[in-house]
There are 2 protein chains.
Amino acid sequence: MDSNFTIAVHSLVYLAYLPGHMASSEAIAHNVATNPVRIRKVMSALRNEGLVKTKEGVRGGYMLGEDPGKITLGHIYEAIARGALQPDWQTGDPKCGCPISSNTQSVMDLIFKEAEDSYASFLNQFTVASVLLQIKADK
Amino acid sequence: MDSNFTIAVHSLVYLAYLPGHMASSEAIAHNVATNPVRIRKVMSALRNEGLVKTKEGVRGGYMLGEDPGKITLGHIYEAIARGALQPDWQTGDPKCGCPISSNTQSVMDLIFKEAEDSYASFLNQFTVASVLLQIKADK
DNA sequence: TGGAACTGTAACAAATAAAATTACAGTATG
DNA sequence: CATACTGTAATTTTATTTGTTACAGTTCCA
């Protein structure tokens, strides 16, 4: 999977950490170690879910859309990475006569969907606030 | 992630499906819709975990190493895809003064490891035999 | 006993996906 | 109205995934 989920978590934790709870894409990009355009794209996806709020124009930037203790990693995952666990490439050939070759795709599809639900719900035990605490405690 | 896990599951289900429970890399590759070399690589990894047995030489190929009902998808995942859930790319810079930038990597690392454990254990509810049944029932 | 049918790998090439860059229109602020 | 921002599209660069070729080693059996 791509790193958008990690970037999203890092960015939100960074916002939670800052006194003003606000930063520009450039400041976030610097902390995350990537480029501002990428941060803006990630933030756009988070904004659609209400996880951040945007302020355009001079002295604009991003701020948390909710209390850090209310934003779970599962929610972040759903907002930005849904489907990332399943490989794009599929095995078999749906038009093939063999039932294994033709049906494995749809069965694996279902298994991946269920597994991803379980993954996202596992991630719900973490919040931006709890990750921030872990990071502060980390030596 | 790459598709090795899906290929592994498909291959083992295919072996379980065949009357003789045995097939060459070429036959498996054809069913999976990939090339024989790739199947051999996947099978090598599965062999290290005892999930398949190999027979070299004429009329050789691969056969199941255990009862299809005993092989769980979690075990297959561990054998071939451990670590695939975590992106290679990491955020932040461990040498940076800011605690967020420098510690997010190790904290996310731990979260991904735990999440992957939970993912693999979710997959343990499925076996090669149960997937085969699902595939046969699929219309 | 030697050629055919296999696996095991390594090395390389092609295709695809992820990340970075560039560019520019739109928006608030002072 | 110049400046400092976001939003997004287009493009380039880089990394990863997949496929191919090549060949040594193993077993079978004619």
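The structure displayed is predicted, hence computed values, not measured ones.
- The existence of a salt bridge linking Asp109(A) and Lys113(A) is confirmed by a sub-4.0 Å separation between a basic side-chain nitrogen and an acidic carboxylate oxygen.
- Separating the CD atom of Glu26(A) from the C1' atom of dT3(D) is a distance of 14 Å, rounded to the nearest angstrom.
- Using a cutoff of 4.0 Å between basic side-chain nitrogens and carboxylate oxygens, Glu78(B) and Arg82(B) are scored as salt-bridged.
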For this session: Sugar-phosphate atoms are those with a prime plus P, OP1 and OP2; base atoms are the rest. Using that split, label each nucleotide of nucleotides 7-12 of chain D B, S or - for protein heavy atoms under 4.0 Å, 5' to 3'.
Result: BBB---
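- Of all the residues in residues 12-24 of chain B, not one reaches under 4.0 Å from DNA chain D with any non-hydrogen atom.
- The side chain of Ser3(B) contributes an N or O atom lying less than 4.0 Å from OP1 or OP2 of dT18(D).
- Taking only side-chain nitrogens and oxygens, Lys55(A) never comes nearer than 4.0 Å to OP1 or OP2 of dA4(D).
- In this structure, Tyr77(B) has its ring center under 6.0 Å from that of Tyr119(B).
- Listed nucleotides: dG19(D), dT16(D), dT27(D). Nearest to the side chain of Val58(B): dT27(D).
- Applying the salt bridge (Lys or Arg N to Asp or Glu O under 4.0 Å) rule to Asp67(B) yields no partners; only residues at least two apart in sequence or on another chain are considered.
- dG19(D) atom P lies 5 Å from atom CG of Asn35(B), rounded to whole Å.
- Among the nucleotides dT16(D), dT18(D), dA19(C), the one closest to any side-chain atom of Trp89(A) is dT18(D).
- Following rounding to the nearest Å, His30(A) (NE2) and dA20(C) (P) show an atom-to-atom distance of 14 Å.
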